[in-house]
Participant: 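Let me begin by handing over the structure; questions about it come next.
Below, chains carry the letters A, B, ... as their sequence lines are ordered, and counting in each starts from 1.
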Protein chains: 2
Amino acid sequence: MKNLRPELIELLKKGYCTPRLSRLAAKTGSKATTIHYNIKQMEGDGIVKSYKAVFDHSKIEEGFCTFVLINLDRREYKTPEEIGKMLAKYQQVESVDIITGGWELIVKVRTKDIEEYYEFSKKALLIRGIDRTQTLSSLLEIKSEFVG
Amino acid sequence: MKNLRPELIELLKKGYCTPRLSRLAAKTGSKATTIHYNIKQMEGDGIVKSYKAVFDHSKIEEGFCTFVLINLDRREYKTPEEIGKMLAKYQQVESVDIITGGWELIVKVRTKDIEEYYEFSKKALLIRGIDRTQTLSSLLEIKSEFVG
DNA sequence: TAAATTTTTGAATATAATTCAAATCATGAA
DNA sequence: TTCATGATTTGAATTATATTCAAAAATTTA
């Protein structure tokens, strides 16, 4: 008998959820069929990309969160987009943005703890094309994607 | 006949979604009742906080994204937590973290455009307790919460 | 104003979630 | 190892919900 949680968490992070039409109908005062019609339309228009679960990061081995500011090495002629796409492949990386200001990239990383972050940084950040990085560790998440 | 989209978007941002047990069952090879049991358990343990929709920000008046690094004014004796909680109240603020490094706070902000960001910054960032801010505008979101 | 289009609705159907009792599996004490 | 206890999985029955579809209402266009 295997532990189903890890697999369920991975699937629910990406999708495998669906809107509750009847609840939305009750809340908005419309009929469920009307909600259905409107939501299918939003899905078709690409407004809604997916439905997913929001987790308590501290309870799924993602308790350590950092923002990494990245300066590229101009001599390597790598674009921010190329480097960004490489970083985006890591499952620890929650977001990657190309930015204006003193850095080319900002990356949000979630790991279990500082040790896992160290291992991540060695393989992901010590690469050709990245000149310098500045890691900002989150001490407290006051607000995050989920407001509840 | 009112446009239902704005209301639906607001509700779906926070919740009003539910896992698709039968799909998860098919995917994992377990029975739907087993998935049900396991997910209820995760909900009870506080691992799952909610189920929500993921939107294409560019299609819901949130096309402009910035990261704001904040230095507090020590003379005002406000804690990062106090200032952070004030900022968290704005609906344009996606996340607020207290961080280590050269700044006390990092805030992720989503607005329709640069004009709305300017209005936001005037009322949210020009307050007692905040000394200096550095705004990093996202030019391209290479990866964000949703991977698909 | 009429015609065409979009949106809402109700009724019928199809799917899926939930409940619950029984069976299976895992764990630890004797 | 065996037995007893608790946890997890399962199947059957029920309940709730989503989906389909044709018709009605509302809106837009000509």
Side-chain angles (χ1 to χ4, degrees), chain A residues 1-63 91 112 145-148, chain B residues 1-63 91 112-113 144-148:
Chain A
M1 197 156 47
K2 66 176 172 183
N3 179 14
L4 288 174
R5 286 186 181 195
E7 195 178 359
L8 290 177
I9 289 169
E10 281 317 303
L11 294 171
L12 291 171
K13 266 188 197 174
K14 301 200 208 118
Y16 287 92
C17 296
T18 189
R20 284 155 59 117
L21 304 186
S22 61
R23 303 307 177 93
L24 288 163
K27 183 76 178 178
T28 62
S30 301
K31 302 293 167 185
T33 45
T34 303
I35 302 299
H36 181 261
Y37 175 85
N38 276 270
I39 284 183
K40 284 299 160 201
Q41 201 174 40
M42 289 199 286
E43 289 172 359
D45 292 350
I47 290 174
V48 180
K49 297 207 288 185
S50 130
Y51 305 94
K52 65 160 203 177
V54 180
F55 294 95
D56 181 332
H57 297 289
S58 68
K59 292 181 178 162
I60 57 165
E61 314 263 279
E62 293 182 0
Q91 97 356 255
K112 182 180 188 311
E145 53 169 334
F146 175 66
V147 199
Chain B
M1 195 157 49
K2 67 175 172 184
N3 179 13
L4 288 174
R5 286 188 181 192
E7 194 177 0
L8 290 177
I9 289 169
E10 280 318 302
L11 293 171
L12 291 171
K13 265 187 197 174
K14 299 197 210 124
Y16 286 92
C17 295
T18 191
R20 288 164 38 128
L21 304 186
S22 60
R23 302 306 178 96
L24 288 164
K27 182 78 178 177
T28 62
S30 301
K31 303 293 167 186
T33 45
T34 303
I35 301 299
H36 181 262
Y37 175 85
N38 276 270
I39 284 183
K40 285 299 160 203
Q41 200 174 252
M42 289 197 287
E43 290 172 359
D45 292 349
I47 290 176
V48 180
K49 297 205 289 185
S50 126
Y51 305 94
K52 66 160 201 177
V54 180
F55 295 94
D56 181 334
H57 297 289
S58 67
K59 292 179 178 163
I60 57 165
E61 314 264 279
E62 292 182 359
Q91 78 29 238
K112 181 182 188 312
D113 50 32
S144 67
E145 53 169 332
F146 174 65
V147 200

Participant: Return yes if some donor-acceptor pair links the side-chain N/O of B/Thr18 with the main-chain N/O of B/Tyr51 below 3.5 Å, else return no.
Facilitator: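 No, because the side chain of B/Thr18 does not come within donor-acceptor range (under 3.5 Å) of the backbone of B/Tyr51.
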
Participant: Does a side-chain N or O from A/Arg23 land closer than 4.0 Å to OP1 or OP2 of D/dT17, or not?
Facilitator: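 For A/Arg23, the contact criterion (side-chain N or O under 4.0 Å from OP1 or OP2 of D/dT17) is met.
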
Participant: Can you tell me how far C1' of C/dT7 sits from CD1 of A/Ile39, to the nearest Å?
Facilitator: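 Taking CD1 of A/Ile39 and C1' of C/dT7, I get 15 Å after rounding.
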
Participant: At under 4.0 Å, does any side-chain N or O of A/Asn38 touch on OP1 or OP2 of C/dT7?
Facilitator: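 Checking A/Asn38 against C/dT7: no side-chain N or O falls below 4.0 Å of OP1 or OP2.
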
Participant: Closer than 4.0 Å, any side-chain N/O of A/Ser22 to the OP1 or OP2 of D/dA18?
Facilitator: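 So the side-chain polar atoms of A/Ser22 do come within 4.0 Å of the phosphate oxygens OP1 or OP2 of D/dA18, strictly under.
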
Participant: B/Leu4 has a side chain; which of C/dT8, D/dT19, D/dT10 sits nearest to it?
Facilitator: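 Nearest to the side chain of B/Leu4 among the choices is C/dT8.
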
Participant: Within this structure, what is the CD-to-C1' distance between B/Gln41 and C/dT18, rounded to whole angstrom?
Facilitator: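 Going from B/Gln41 (CD) to C/dT18 (C1'), I get 16 Å.
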
Participant: Rounded to the nearest 0.5 Å, how far does OG1 of A/Thr34 lie from CG of B/Leu4?
Facilitator: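 Answer for the CG-OG1 pair, B/Leu4 versus A/Thr34, is 7.5 Å.
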
Participant: Please check if the side chain of A/Asn3 supplies one atom and the backbone of A/Arg5 the other of a donor-acceptor pair under 3.5 Å.
Facilitator: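 Side chain of A/Asn3 to backbone of A/Arg5, a donor-acceptor pair under 3.5 Å: yes, one is there.
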
Participant: Without decimals, in angstroms, what is the distance between B/Leu8 CG and C/dT7 P?
Facilitator: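 Rounded to the whole Å, the gap is 13 Å.
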
Participant: Out of C/dT8, C/dT18, C/dA11, which has the shortest distance to the side chain of A/Tyr37?
Facilitator: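 My answer, after comparing the listed nucleotides, is C/dT8.
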
Participant: From NZ of B/Lys31 over to C1' of C/dA17, roughly how many Å is that when rounded to an integer?
Facilitator: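 Result: 16 Å.
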
Participant: Nearest heavy atom decides the nucleotide; on that basis, is B/Thr18 or A/Ser30 closer to the 5' end of DNA chain C?
Facilitator: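 It is A/Ser30 whose nearest nucleotide is closer to the 5' end.
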
Participant: Would you mind reading off the distance between A/Leu21 atom CG and C/dA17 atom P, rounded to a whole angstrom?
Facilitator: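 In whole Å, C/dA17 P and A/Leu21 CG are 12 Å from each other.
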
Participant: Write down the distance between NZ (A/Lys2) and C1' (C/dA26), rounded to a whole number of angstrom.
Facilitator: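 From A/Lys2 NZ to C/dA26 C1': 17 Å.
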
Participant: From CG of A/Leu24 over to C1' of D/dA18, roughly how many Å is that when rounded to an integer?
Facilitator: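 Taking CG of A/Leu24 and C1' of D/dA18, I get 12 Å after rounding.
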
Participant: Kindly say if B/Thr34 contacts the phosphate of D/dT10, meaning a side-chain N or O under 4.0 Å from OP1 or OP2.
Facilitator: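 Checking D/dT10 against B/Thr34, a side-chain N or O does come within under 4.0 Å of OP1 or OP2.
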
Participant: If you check the A/Met1 side chain, which of C/dT18, D/dT27, D/dT9 turns out closest?
Facilitator: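 Within the option list, the nearest is D/dT9.
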
Participant: Does B/His36 put a side-chain nitrogen or oxygen below 4.0 Å from OP1 or OP2 of C/dA17?
Facilitator: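 No, B/His36 has no side-chain N/O under 4.0 Å of OP1/OP2 on C/dA17.
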
Participant: List the residues meeting side chain to side chain contact (heavy atoms under 4.5 Å, CB included) with B/Glu10, not counting sequence neighbours, and say none if there are none.
Facilitator: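 Counting only residues at least two positions away or on another chain, B/Glu10 forms a side chain to side chain contact (heavy atoms under 4.5 Å, CB included) with B/Lys13.
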
Participant: If you pin A/Pro19 and B/Ala32 to their nearest nucleotides in DNA chain D, which one's is more 5'?
Facilitator: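 Final value for this comparison: B/Ala32.
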
Participant: To the nearest Å, give me how far apart CD1 (B/Ile35) and P (C/dT18) are.
Facilitator: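 Atom CD1 in B/Ile35 sits about 13 Å away from atom P in C/dT18.
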
Participant: Kindly indicate whether the side chain of A/Leu12, heavy atoms from C-beta on, has any atom under 4.5 Å from the side chain of A/Phe55.
Facilitator: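 Side chain of A/Leu12 against side chain of A/Phe55, heavy atoms only: contact under 4.5 Å found.
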
Participant: With nearest nucleotide decided by heavy atoms, which residue, B/Arg20 or A/Asn3, maps closer to the 5′ end of DNA chain D?
Facilitator: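 It is A/Asn3, whose closest nucleotide lies nearer the 5' terminus.
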
